[in-house]
Structure formats: C-alpha cells, structure tokens
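What follows is one structure encoded as structure tokens, with my remarks underneath.
Proteins come first, then strands; the chains are lettered A, B, ... in the order of their sequence lines, and each starts at number 1. Being a predicted model, the structure only gives us computed values, none of them experimental.
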Amino acid sequence: MSGNEKKAKKEKKKIIPKKNPMPEQDPKVRRHNFEEVPYGYTPELAQKEAERCIMCKKPLCIDGCPVNIDIPGFIKMIAEGDYVGAARKIKEENCLPAICGRVCPQETQCEIVCTLAKKFEPVAIGRLERFAADYERDNNLIELPKKLPPNGRKIAVVGSGPAGLTVAGDLIVLGYEVTIYEAFHKPGGVLMYGIPEFRLPKKIVEEEVDYLKKLGVTLEFNQVIGKSITVDELLKDMGYNAVFIGVGAGLPSFLGIPGEELGGVYSANEYLTRSNLMKAFLFPEYDTPIVRGRTVCVVGGGNVAMDAARTALRLGAENVYIVYRRSRTELPAREEEIHHAEEEGIIFKLLTNPVEMYGDERGMVKRIKCQEMELGEPDESGRRRPVPKEGCYFTIDTDLVIIAIGGQANPLLTKSMQGLELNKWGNIVADENGRTSAERVWAGGDIVTGSATVIEAMGAGKKAAADIHKYLSDKEKQESVSWKVSN
Amino acid sequence: MTRIIEKRELVKDIHEMVLAAPLIAAKAQPGHFVLVMPEEKGERIPLTIADYDRDNGTITLIFMVVGTTTMKLSRLNASENLYALVGPLGHPSEIEDHGTVAMVAGGIGTAPIYPIARSLRERGNRVISIQGARREDLLFWTEQLASVSDEHIITTDDGSFGRKGLVSEPLKEILENDKEKRIGCVYAIGPAIMMKFCSLTTKPFGVKTITSLNSVMVDGTGMCGGCRVNVGGKTLFTCVDGPEFDGHLVDWDLLMDRQKIYLKEEKCSLDRYMEEVGGK
Ligand SMILES: Cc1cc2nc3c(=O)[nH]c(=O)nc-3n(C[C@H](O)[C@H](O)[C@H](O)COP(=O)(O)OP(=O)(O)OC[C@H]3O[C@@H](n4cnc5c(N)ncnc54)[C@H](O)[C@@H]3O)c2cc1C
Ligand SMILES: Cc1cc2nc3c(=O)[nH]c(=O)nc-3n(C[C@H](O)[C@H](O)[C@H](O)COP(=O)(O)OP(=O)(O)OC[C@H]3O[C@@H](n4cnc5c(N)ncnc54)[C@H](O)[C@@H]3O)c2cc1C
Ligand code: FES
C-alpha cells in the first residue's frame with residue numbers, strides 16, 4: 001500500500017464513538033441469582049468492537065497494561081476473525097486472560113490511555129480479552145505450550161492466588177518441578193473465596209488451574225505453610241531450590257466500635273468466604289450456614305464492599321445499604337461495579353460513618369447508629385478527609401452488617417520465618433523482582449503491596465519467576481565453573 | 001484426602017478417630033487443633049488433637065456428635081477418607097513448672113486435657129485431675145487420664161459414678177484446702193458454661209486459670225475474624241491468638257452468644273441430613 005492509499009483508508013474509517021455494549025442479565029432478574037452478570041460478546045460484536053481500534057503506530061495501551069500484553073496485536077487478530085490466535089497472543093504475557101478480562105480495572109490501566117479515549121469511549125479492551133479467552137476455552141481449543149525438558153530444579157510456591165499461579169505457570173514451562181502449597185481446600189485465593197460467582201464464575205478459575213495441572217504443576221491443598229511445614233523446611237529438608245511466597249493480604253480490619261462482636265456482624269472476608277468458598281449460598285445443600293439479612297449494611301466503598309452488598313442482595317435481602325464515610329467521587333470501587341450495584345438497587349448512604357451497633361436479647365445485631373460526615377481538607381491520599389458533623393446522628397434498623405474496610409498482612413507465615421524483612425505494616429519487603437531479604441525466598445502480590453489487584457499480583461509473579469530462573473541459572477553456571485576449576 | 005486408620009464409638013455419641021497425617025503428627029503439641037471437613041459439601045470444624053504418634057504418623061481426634069458435621073464424621077469408618085484436614089493450628093499449650101496443677105475436664109474436654117496433663121506431668125508437675133460427665137456411661141478415657149495424674153477425681157451429674165455433682169465443686173474444695181498454695185495453675189476445658197463456672201470458682205483464690213475456647217471457625221488462620229472473642233476487653237481471634245486464654249479475662253456470655261448464631265440453620269441442616277440418610 002502506498003502512503004497515499006494508507007491515508008485514504010484511514011480517512012474512510014469512521015469511528016463509532018461508543019463501545020459496543022456487552023449483553024448482560026436484566027438487573028431485576030439478576031439481583032436474585034448468582035449467575036454471571038454480563039454474557040460476553042458474540043463473535044460478531046467482538047469483531048465490530050475490534051474494528052474500532054485504529055491501530056496506533058505508537059500504542060499507549062501496551063504500557064498501560066501491567067503485564068504489557070500486545071493489545072493491538074490481539075485486537076487485530078479478532079478483527080480478522082482469528083479468535084484463537086488472539087487468545088494465544090494474550091497468553092504470551094498473561095496466563096489468566098479469562099479472569100483478567102473480567103476483573104481487571106481496565107478503565108484505569110489500558111483503556112484510560114487508549115487514543116480513542118481522547119475524543120470517544122476507548123476500545124473495550126477488557127471485553128475483547130474476555131471474549132478471546134472464552135472463545136478458546138468454550139471451543140476446547142486450548143493448547144498446552146511447549147515445555148523445556150526437566151532441569152532437575154524444584155520450586156515451592158506458597159499460596160495459589162493469582163501471584164502464585166503465575167509463578168507456577170511461568171516456571172513449569174521452563175522445565176522446573178513446581179509444587180503449590182495452599183492453605184484452603186480449593187485453589188485460586190481471592191479469585192475463589194473473595195470475588196463472587198456472579199462476577200467471576202468459579203468454573204473459570206478451576207479451568208485455569210486445571211490448565212496448570214495439565215502442564216505438570218502439583219497442588220498440595222490444606223497446607224498452612226508456617227504451621228504444617230515451614231519455609232525453612234521447604235528449602236533445607238525438602239530440597240526446593242527456591243520458594244515464592246504469594247499468601248495475599250488475609251487479615252480483616254474491624255471498625256473498633258461497640259457492638260461489633262454481635263452475631264450477624266461479619267468481616268467481608270468471612271461473609272464472602274462463607275458464601276463463595278464454602279458455598280453457603282447453596283445452604284442447606286452445602287453445610288456451611290450464613291446469616292441472611294433483610295436489611296443489610298455494608299460498611300466501606302471498595303470492590304469488596306460492592307461484592308458483599310450484591311451477594312447479600314442475592315441471598316434475599318430487601319434493602320442493602322452501602323455505608324461510606326466519604327462522597328461518591330471518592331468511592332474506591334470500579335465505576336462498573338458501582339454502576340452494577342446501583343442498577344441492582346443497592347442504596348448508597350454516603351458521608352455516613354457507623355459509630356455503634358446494638359443487639360437483641362439473643363446477641364444478634366438489630367440496629368446501627370451512624371454519624372453524618374462532611375468533606376474537609378484533602379489528606380495524604382489526596383482525597384478530601386471526612387469530618388464528623390457535630391451532633392448529627394441517625395440509626396438504621398438492620399439484621400446483617402458486613403465490614404469491608406480493607407485489611408492488613410496476615411502474620412501467620414511471616415512470623416514463622418527468621419531473617420525475613422517486613423515493613424511497619426507487616427508486609428514483606430521485596431525488590432522489583434520480588435527478591436526478599438531471606439536467601440532463595442521471593443514474594444509478590446498482596447503480601448508485598450497490601451491489597452491491590454489481580455493483574456498487579458500476576459505482574460509481580462511474572463517478574464519473580466523470571467528472576468528465580470535467572471538466579472538459579474546463574475548459580476548453576478557458577479557452580480559448574482567452580483566444579484571445573486576444582487577438578 | 002486423609003485416610004481414617006481407626007474409628008470407634010467410645011461411649012454413646014463420642015467417637016475416637018485415628019488419622020494418617022504424618023506432617024501434622026510430626027509437629028503436633030498439646031493444645032493444637034485441626035480443621036476437619038468430612039466431605040466436599042461439608043463445613044470446616046475445629047477439633048483438638050487429643051493424641052499423636054510421631055512414629056506411625058497418626059493423630060487421634062475425639063468428638064461428640066452435636067450436629068451435622070460431627071454426625072457425618074461419626075458415620076465414616078476406617079479406610080474411608082476425610083475430604084480435608086488442616087493443621088496443626090493455634091498456639092500449643094505452655095508447658096511450664098507450676099508445682100501442682102489442677103486439670104479439670106468437662107465432658108468432651110477430657111480429650112484436649114489429656115495430652116496437656118501428660119506433658120505437664122512429664123515436666124515434673126504434680127497433676128490433680130477432675131473429670132466430669134453427665135452419667136457413668138458417658139465417661140471415657142478415664143484410665144488414660146488416671147495414668148497421667150497423681151490424683152484423679154471423677155464426678156457425674158447424677159452420681160452414677162464417682163462423686164455426685166459438678167466438676168467445680170471438688171475444684172473449690174481442693175483450692176480451699178490448698179493452704180500452702182501449691183497449685184500454681186488450673187486448666188479447665190469443656191463446654192463454655194463449665195469453663196465459665198470453673199473460672200468463677202478459681203477467681204477468688206487468684207489462681208491462674210487457662211481455658212480453651214470453642215468458637216465457631218471458618219479458616220483457622222486469622223483470615224476471617226469469625227472466631228473473635230473478647231479477652232480482657234480486647235478483641236482477639238481464637239484460632240491464631242488462642243485457643244487457650246486466661247479464663248478470668250474471657251467474656252463468657254459473648255462466647256456463648258456467638259456459639260448460638262446459627263442455631264436455626266444447624267437444626268435445619270441436621271434434620272435434612274438425617275432425613276437423607278434415613279437416620280435414626
Ligand atoms: C472481594 C474482593 C474483590 C476483589 N475484586 C477485584 C477486582 O475486581 N479486580 C482486581 O483486579 N482485584 C480485585 N480484588 C483484589 C485481588 O483479588 C487481589 O489483589 C489478588 O487476588 C491478590 O493476589 P495474591 O496472589 O497476592 O493473593 P490471594 O489472591 O490473596 O491468594 C493468596 C492465597 O494464599 C493462601 N495462603 C495464605 N496463607 C497461606 C499459608 N500460610 N500457606 C499456604 N497458603 C496460604 C490463601 O489461602 C490464598 O489462596 C478483590 C479482592 C477481594 C477480596
Ligand atoms: C479449638 C477448638 C477445639 C475443639 N475441639 C473439639 C474436640 O476435640 N472434640 C469435640 O467434640 N468438639 C471440639 N470442638 C467443638 C466442635 O468444633 C463443634 O462441636 C463442632 O464444630 C460442631 O459441628 P457440627 O456441625 O457437628 O454441629 P453444629 O450443629 O454445626 O453445631 C453445634 C454447636 O457446635 C458449635 N459449632 C458449630 N460450627 C462450628 C464451627 N465451624 N467451629 C466451631 N464450633 C462450631 C456451635 O457452638 C454450635 O452451636 C472444638 C472447638 C474449637 C473451637
Ligand atoms: S477462624 Fe477465621 S479468623 Fe479464626
């Protein structure tokens with residue numbers, strides 16, 4: 001094509017200003033079921049959306065992606081109808097695309113920098129990623145990548161969240177023997193016990209894990225490292241050459257207000273674990289019970305709060321309130337999640353802070369007292385600080401309160417180790433490659449950064465895997481040199 | 001999957017189960033507990049490691065049938081499998097020199113008391129144990145407990161064996177007669193109400209009293225906060241901060257309220273299960 005022809009072609013292409021919408025369940029119906037909310041693109045819609053991409057010479061989206069997926073590359077393949085090719089292109093950088101396509105905050109990563117976004121809506125990169133991955137899986141077209149022959153080295157991965165799964169996936173193809181040790185009886189970390197079924201079907205998580213198993217990764221469930229086996233034992237007695245720690249955040253914060261110990265008051269961790277991992281939403285078919293509230297207050301404004309609120313709705317609540325101490329603009333949840341929650345009828349009690357809870361004679365919560373807030377000067381995070389309004393209190397009658405105000409690092413494993421440097425919040429200190437202060441120990445994901453995102457945990461896993469490989473290869477080279485010298 | 005090596009009913013509704021669990025056996029200490037899931041659709045429940053055999057790689061659990069999960073466990077037999085077993089969890093008991101210790105076991109509490117009494121005695125303590133049950137036919141492991149005790153008192157609520165009455169009564173007498181203050185520590189393990197009354201009994205004497213709390217749990221690793229209790233005005237997690245706490249500082253009424261959160265669901269679940277298995 002000559003330069004002129006190219007120019008002519010470009011000019012002909014008229015940009016559709018908005019993303020192609022993704023078909024989804026009617027809010028009135030879906031608020032009563034646990035099925036996934038969006039249905040995903042059909043091939044036709046995907047192709048139409050892919051054609052919106054203008055194939056920038058210097059695409060900014062790739063840098064916006066924490067794992068640098070070749071976004072224009074895979075979108076082009078979708079536009080050309082090569083859906084499987086697109087999926088494989090993504091998998092060169094991201095081994096969990098069906099998950100990331102669903103839960104990544106694209107609006108603050110790849111899509112925010114999309115050139116189209118300057119004038120129109122950006123290309124729906126997340127939806128296209130999801131489409132390609134689903135297409136490949138639903139049509140049984142997943143192929144196992146080539147593995148290097150076994151190199152005789154063993155890696156232990158602690159925790160099967162996105163960070164751990166990524167490390168395992170990257171190292172197994174390089175010829176390592178990889179074993180994941182997981183405290184729970186199911187893999188996936190937050191993907192399994194935190195994010196609800198209607199946002200991320202557990203079947204998808206299981207299939208991604210099965211893929212790793214087919215590649216040869218061994219999973220050992222019900223192993224709390226630090227208790228049944230220590231990291232030291234993994235390295236010294238069990239012959240692992242390196243250990244990766246990806247144990248997540250895993251310690252809930254409470255408000256510290258009177259009445260918090262009442263029945264019917266949960267941390268989001270407990271509420272979501274009961275529902276998602278233990279399948280209390282299917283009680284009594286599954287044995288684990290959960291308090292089903294009619295009027296529910298969820299305290300907090302992040303994704304976790306939205307997930308808890310929407311779960312409560314599906315468990316039969318009539319009114320669900322999100323109680324948040326700042327205003328709508330400061331809500332840390334993804335816009336899409338807030339939008340979905342609003343559509344489903346969740347009520348936002350903004351600039352509201354709980355101060356006390358009251359119980360009935362059985363010790364179950366029945367009322368929550370809140371104080372009205374207003375926004376003052378910005379704090380360290382740049383968000384305006386909520387300040388209590390003197391004397392402005394009101395109460396909400398409630399029979400279920402879920403506290404979703406984040407958490408801290410769980411010390412169970414870190415306390416069991418010596419020589420592992422932690423920061424003042426108890427998170428493991430690791431360099432940009434995940435190396436910790438303990439020899440042959442790497443770490444990544446929420447246990448290093450504090451609560452973050454799936455893709456950041458995966459990014460940390462990728463870097464650590466590469467660094468583990470480099471470290472062990474270098475070491476082998478050195479050893480073979482010294483062996484030769486000494487012989 | 002964990003294989004059941006042995007399983008028998010000791011007395012009505014109290015079962016002993018020996019499990020193949022070499023990693024847990026290697027690390028188990030008195031006071032540790034495990035989480036057990038009988039099957040994939042089951043609940044995770046905590047049970048104390050009542051004994052362990054490092055050489056054979058086994059642990060022993062003793063449980064009382066009180067609801068669906070323990071009912072399911074009771075119907076499993078040797079050479080069948082448990083879906084999940086996690087542990088050892090919690091802090092082990094602190095085995096120190098107290099001089100004389102009084103070990104008070106109520107009902108199922110004999111199981112956790114036994115390994116602690118054994119270790120305390122091995123450490124050189126004089127062990128007085130008080131073992132209580134509702135009736136004679138519900139007493140179990142009396143010989144085991146006697147074998148690690150210098151003095152062994154048995155009580156039954158109805159007087160069908162040993163002394164008639166509650167365990168707190170001989171406990172009170174022993175403390176009253178202990179003019180030289182030889183008893184440095186009391187352990188009381190059993191139902192919450194029994195631990196509460198033992199703690200109230202020892203309080204006026206100022207003797208340190210250790211109890212093992214039986215909160216409802218989910219993960220057992222400090223991740224959910226479901227097992228939170230109030231000890232000395234502070235919120236603590238039974239699974240990682242305990243399960244043993246100073247009985248004088250525990251908010252017992254709160255613990256008992258929290259044990260009853262799911263009463264309705266527990267009944268519904270058990271009824272459903274019994275119907276399913278055509279149960280007696
Ligand atoms: C409800 C909820 C919703 C979220 N929604 C989103 C979203 O929409 N998008 C997004 O990008 N992010 C979301 N996040 C955040 C995201 O899920 C996390 O940042 C991410 O999962 C962190 O991954 P990880 O691998 O570090 O740890 P985790 O996913 O936390 O996994 C850690 C694993 O380690 C195991 N483990 C812990 N201790 C031990 C031990 N001692 N021995 C063995 N195993 C152990 C745990 O059981 C767990 O399986 C959400 C989080 C929550 C809680
Ligand atoms: C650290 C610890 C050690 C224990 N050790 C023993 C032991 O060695 N032997 C023994 O017989 N019992 C022990 N228990 C109590 C045992 O866990 C409960 O009896 C068991 O969970 C009952 O389950 P269920 O489904 O059969 O009955 P359910 O019908 O579910 O419950 C009956 C009662 O048991 C309690 N309970 C229910 N679910 C749980 C749960 N997930 N976690 C804790 N308690 C629960 C509640 O108070 C409830 O009212 C221990 C508890 C704790 C916390
Ligand atoms: S059982 Fe979840 S924190 Fe203790």
Which atom of R272(B) lies closest to which atom of P284(A), heavy atoms considered: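 Scanning both residues completely, I find the closest heavy atoms to be NH1-O, 3.2 Å.
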Contact summary for F283(A) and E265(B), nearest pair of heavy atoms: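 Minimum heavy-atom contact is CZ-O, 3.3 Å.
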More than 12 heavy atoms of other groups within 6.0 Å of Q418(A) CD: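 12 or below, so no.
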Enclosure of R54(B) CZ (heavy-atom neighbours >12, cutoff 6.0 Å):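 Yes, the 6.0 Å shell around CZ holds more than 12 heavy atoms from other groups.
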Side chain to side chain contact (heavy atoms under 4.5 Å, CB included) between K279(A) and K41(B), worked out: CA-CA 8 Å; K279(A) 304 238 183 294; K41(B) 292 186 177 180; over 6 Å; no
Rounded distance (nearest 0.5 Å) linking atom OH of Y286(A) with atom CD of E39(B):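 The CD atom of E39(B) is 10.0 Å from OH of Y286(A), to the nearest 0.5 Å.
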From CE (M364(A)) to CD1 (I261(B)), nearest 0.5 Å: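 So the CE of M364(A) and the CD1 of I261(B) are separated by 6.0 Å.
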Residues of residues 219-228 of chain A contacting chain B, heavy-atom criterion under 4.5 Å, by residue number: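 Counting heavy atoms that sit under 4.5 Å from chain B, the residues of residues 219-228 of chain A involved are N222(A), Q223(A), V224(A), K227(A), S228(A).
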Residue-level interface, residues 258-269 of chain A with chain B, non-hydrogen cut-off under 4.5 Å: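 Residues E260(A), E261(A), L262(A), G263(A), V265(A), Y266(A), S267(A), N269(A) are the ones that qualify, each having a heavy atom under 4.5 Å from chain B.
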Under a 4.5 Å cutoff for heavy-atom pairs, which residue among [options] has the most contacts with chain B?
options: G250(A), G256(A), G363(A); result: G250(A)
options: P252(A), G248(A), A249(A); result: P252(A)
options: D287(A), I403(A), L251(A); result: D287(A)

Validation: residues 14-24 of chain B side-chain donor-acceptor distances under 3.5 Å, sequence neighbours left out:
residue : atom : partner : partner atom : Å
E16(B)  : OE1  : W141(B) : NE1          : 3.1

If I measure from the heavy atoms of chain B, does [X] come under 4.5 Å with its side chain, its backbone, both, or neither?
X: I229(A); answer: both
X: Y271(A); answer: neither
X: L277(A); answer: neither

Check: E40(B) and K186(A) side chains under 4.5 Å, non-hydrogen atoms: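 A side-chain contact under 4.5 Å exists here.
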Residue pair M278(A) / R44(B), side-chain heavy-atom distance below 4.5 Å: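 Heavy-atom side-chain distance check passes, below 4.5 Å.
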Residues in residues 221-229 of chain B that sit under 4.5 Å from chain A, counting heavy atoms only: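 Near chain A, by residue number: T221(B), G222(B), M223(B), C224(B), G225(B), G226(B), R228(B).
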